[in-house]
Each structure stands twice: as structure tokens, then as C-alpha cells.
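This report concerns only the one structure given below.
Side-chain atoms are counted along with the backbone in the values below, which use heavy atoms only and exclude waters and symmetry mates.
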Amino acid sequence: MTVRSTDVFVRHRNLLFTVAYEMLGSAADAEDVLQETWLRWVDVDVAEVRDERAYLVRITTRLALNRMRANARRRESYVGPWLPEPLLTTPDVAEDVELADSVSLAMLTLLETLGPTERAVFVLREVFDFGYDEIAAAVDKTPAAVRQVAHRARAHVAERRPRAEATQVERDRVLEQFVRAAATGDIQSLMDVLAPDVVLVTDGGGVKKAALRPILGRDKVVRFLEGVSEGPAEADVVVVNGAPALRILLDGVLDTVVSMVVEDGRVTGLYAVRNPAKLARLDAVVALTR
């Protein structure tokens, strides 16, 4: 290990974390992958490396792919829907519209429907703009095969992503309406801010009360939200994964983080993370970067 090795790794650390997190949806897993990347990197002769950034991303991608495949087996026994681990993010993430979109809970949940290689290729190509040759080296495929995988993944995501992107002003307004309606118990106002076909996905991890399947439709969503209420709660708005989200505390303890998708002035998607293990990192801001 040399001083240069350490400097190079530190310089690219936030990028490597972001790559691993986008592939895994878990900060804990991403940190493990970074640790393994570092252990591999210290054995490398840096003087022989032509492109340090690409080399490090290649190591991280391969390790993340291994972790994704192992996680797929563990997720089969997970209780209820699995949602990504939410992160408090720095303001600059929200300013990078493409990065903020790629790390949103909605997008990370959508990426869960891709296979490991498809997800890795999509993330490296669409988010980080790596060339097909570089991606091919990372996923152990030919550039031609990577192009085909990228095309399939892009089409898959395009079919399922929100129909229209809301502006920051629109999201803020809708979130304010949602918070006010929920805080005052004004059911009609809550109904007004939700789209008729709104979908609520809750992740309690088998530890906290949550629906075992996504809940579809405004009436059912409102009934569930009423039923899951556990008494007086405090709520504030924080920036989670590059977008405003609702942080709910019960008796001063973080209970739930709610991220939402806004289209045409109404909430079309709600992602509520209640699993305590996934809320452990919401006490510090995380730097994500491209």
C-alpha cells in the first residue's frame, strides 16, 4: 500500500459508494463492498493502472454483482415488500436531477425488477455514463452483449417509470398538502392530494406493522394509513435520496420515512420504510456523487 493508493481510493470513495448503493439499494451492503474493494485495491500496483477510476469501479461492480446474487436468495424469505434503505443526502444531490432521479426510492425499487447484470449495466451506462467497453470489462461480457443488455434494461425501466416528472416546486407543494392533511386528520384533504390509482408500498421487515403486499387505490390507502396510526406523531420534511420526504417520529423516536412520487399534482406512489434496521443511518448526511 502506498500514499498514492490511499489518495486515489479516498478521491473516488463517494463515487464507488454511490455505484454500489445504486446496485444494491442498501448502504450497509455498499459499505461492505467498499471495504472489500479497498482490500483488493491495496494489492494493486497503481503505477500499472491506466485509468484508476474505471479500475476501481470495475472492482466495485464485480463485488456488488456477487452481493446482489447472494441477496436475491435472502430476499426470498423477507417478510413483505423489500424497499431500499433511505439515506439523508446533501443538497447537491437534489441539484443533479439525473442523479437524484436514479437514487430515488421509486427508481431503486424499480431497479429491483431487473436481474443483477441488467441492473449493473443500466446503472453504469445510464447513470454514470461509462462506455460499453468499460462496462463489458466490469460485468465480464462482450461490448456487443452489453449493448443488448443495456437496450433491454432501458426499455424495461422506461415502461415502468413515472409518466411525467414533477418539478421541485410541485413536489414541495404536494408534500406540504399531504403533511397538513395527515397532521390534522383531514381525510378529505388527504383524499384530494392522492391520485385515484395511488400505490402504497410499506416495508416493516417483519418487525413493524406493514402491509404484506402493495396497496392499490386511494380509498384502501387512506384506510390503511388510518389503521396503522399509533398515536400522536411528529413529522418533518427532510431530503432523502435527493428528494423531499416525510420523517415521522413517535415519542421522539424515528418510526417511518415516507417517500412519494408526484405526477400531475397528485401523489401516485408512496414508499414507507418502517424496518428499524433500514432507518439506522438517518442520523447523518451521506454524500452521493457521479
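For P244 against L175, the heavy-atom pair with the smallest separation is CB-CD2, 3.5 Å.
Listed by chain and number, the residues in a side-chain hydrogen bond (donor to acceptor under 3.5 Å, both in side chains) with T37 are T60 (sequence neighbours excluded).
Comment: D186 does not engage R180 in a salt bridge, judged by the lack of any side-chain N to carboxylate O separation of less than 4.0 angstrom. A salt bridge between E31 and R13 is present, with a side-chain N of the basic residue lying under 4.0 Å from a carboxylate O of the acidic one. Salt bridge annotation for E112-R119: present, with a cationic side-chain nitrogen under 4.0 angstrom from a carboxylate oxygen.
Side-chain atoms of E118 never come within 3.5 Å of backbone atoms of A153 as a donor-acceptor pair (strictly under, hydrogens ignored). For the pair E170 (side chain) and G265 (backbone), a donor-acceptor distance under 3.5 Å is present. Using modelled atom types, one side-chain atom of R290 and one backbone atom of V127 make a donor-acceptor pair closer than 3.5 Å.
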Check: residues 133-145 side-chain donor-acceptor pairs under 3.5 Å, at least two apart:
{"from": "E134", "atom 1": "OE1", "to": "G131", "atom 2": "N", "distance (Å)": "2.9"}
{"from": "T142", "atom 1": "OG1", "to": "A145", "atom 2": "N", "distance (Å)": "3.1"}

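Within a 6.0 Å sphere centred on CZ of R40, other residues, nucleotides and ligands contribute 12 heavy atoms or fewer.
Test V179, D236, T256 against I248 for side chain to side chain contact (heavy atoms under 4.5 Å, CB included) and you get one pass: T256.
Between F178 and L190 the shortest side-chain heavy-atom distance falls below 4.5 Å.
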Any chance you could lay out the side chain to side chain contact (heavy atoms under 4.5 Å, CB included) test for R125 and Y132, step after step, and finish with the verdict?
CA-CA 8 Å; R125 181 62 184 168; Y132 291 113; 3.4 Å; yes
